[in-house]
Amino acid sequence: MQPSPPVVPRSRFALYLDLIRWDRPAGWLVLLWPTLSGLWVAAGGFPGWHLLAVFVLGTVLMRSAGCCVNDVADRAFDRHVKRTAQRPVTTGAVSVREALLVAAVLALLAFALVLTTSTAAVLCSVPALLVTIFYPYTKRFFAMPQAVLGVAFSFGIVMAFAAVQGQVPAAAWLLWFGNLFWVLAYDTEYAMVDRDDDLRIGIQTSAITLGRFDVAAITAFYLIFLAIWAWVLAPYALGTPFYVALGLALAQVVWHWSLIRTRSREGCFKAFRENHWLGCTLFAGIVLGYALKS
């Protein structure tokens with residue numbers, strides 16, 4: 001019998017990459033596309049390389065910081081869920097203090113980027129950060145914590161308008177509100193993956209709250225999101241590219257329904273992971289709409 005090879009300890013850098021989910025970009029892509037969409041609409045087209053860099057880097061940094069905070073808040077629960085049991089904070093490979101320090105550094109870097117924009121954007125970043133920190137703890141008492149995540153994940157739109165225009169018009173808040181329903185849709189799909197484990201350990205999620213109406217509700221959330229965005233963006237006259245993008249997004253909603261209708265873990269997880277394509281499609285329609293107008 002051959003002896004087992006020695007276990008090589010992972011470097012701190014590798015553990016930090018695991019902590020911020022660097023190998024799973026779907027999490028920051030679903031944040032990025034609506035933020036960039038808001039940026040393009042606020043600027044009436046290409047916003048310039050400075051703002052583009054600020055919001056791309058800021059999105060990645062804040063999502064990474066949010067992962068650190070989430071793992072610290074959920075460390076007692078994650079060890080009982082197969083999908084999350086090997087996260088660095090849960091296993092003890094990264095200490096709570098260390099994870100919070102990483103989160104603080106990432107958040108400060110993101111804040112430094114925002115400081116290069118406008119006072120209005122800086123002011124908007126404060127509630128965005130507070131909601132991000134508060135979200136993980138809502139799983140203990142709120143029946144739909146995914147709605148709180150939607151508030152946090154949609155703030156990039158508001159901040160984009162604030163950075164470009166120095167104010168937040170009604171259109172920005174309406175896009176923010178519509179995007180909240182997209183977050184509800186894809187994060188409920190995500191919650192469906194862990195529903196059995198969450199029921200056992202007592203965590204609140206929208207997948208549990210919605211029960212047998214989960215698939216219908218997710219479909220409705222997608223449609224509300226697309227309807228609100230179509231209504232808000234109609235006056236901007238983005239033309240054929242945007243409406244083609246809307247049609248393709250609707251086709252993806254049907255595809256997601258087909259993935260989740262049997263409620264299999266594999267189908268629900270795939271639906272969640274592929275959601276960024278829906279956001280990418282809408283963003284592409286907005287970009288092309290403005291490009292053809294100019």
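- In this structure, the side chains of Arg12 and Val94 come closer than 4.5 Å at one or more pairs of heavy atoms.
- Note on residues 38-58: pairs passing ring pair (Phe, Tyr, Trp, His ring centres under 6.0 Å), not counting sequence neighbours, are Trp40-Phe46, Trp40-Phe283, Phe46-Trp49.
- Annotation: Phe141 is not in aromatic contact with Tyr137 [ring centroid separation under 6.0 Å not met].
- Asp187 is linked by a side-chain hydrogen bond (donor to acceptor under 3.5 Å, both in side chains) to Gln146, counting only residues two or more places apart in sequence or in another chain.
- Both tests hold for Arg273 against Phe269: distance to the six-membered ring centre under 6.0 Å, angle to the ring axis within 45°.
- By the side-chain hydrogen bond (donor to acceptor under 3.5 Å, both in side chains) test, Arg21 is found to be paired with Asp71, residues two or more places apart in sequence or in another chain being considered.
- Atom CH2 of Trp277 sits in a sparse spot, with 12 or fewer heavy atoms from other residues, nucleotides or ligands closer than 6.0 Å.
- The six-membered or imidazole ring of Trp229 lies near that of Phe225, with a centre-to-centre distance under 6.0 Å.
- Counting heavy atoms from C-beta outward, Met159 and Thr35 have side chains that stay 4.5 Å or more apart.
- Under the rule for a side-chain hydrogen bond (donor to acceptor under 3.5 Å, both in side chains), the partners of Asp197 that lie at least two apart in sequence or sit in another chain are Arg200.
- Among the candidates Ile157, Val183, Leu175, the single residue satisfying the side-chain contact (heavy atoms from CB on, under 4.5 Å) test with Pro34 is Ile157.
- When the ring-ring contact (aromatic ring centres under 6.0 Å, His included) test is applied to Phe272, the partners found at least two apart in sequence or on another chain are Tyr190.
- At distances below 3.5 Å, not a single donor-acceptor pair connects side-chain atoms of Trp33 with backbone N or O atoms of Leu278.
- Listed by chain and number, the residues in a ring-ring contact (aromatic ring centres under 6.0 Å, His included) with Tyr186 are Trp182 (sequence neighbours excluded).
- When hydrophobic clusters are built by joining Ile, Leu, Val, Met, Phe, Trp and Tyr residues whose side-chain heavy atoms come closer than 4.5 Å, directly or via intermediates, Leu52 is grouped together with Tyr290.
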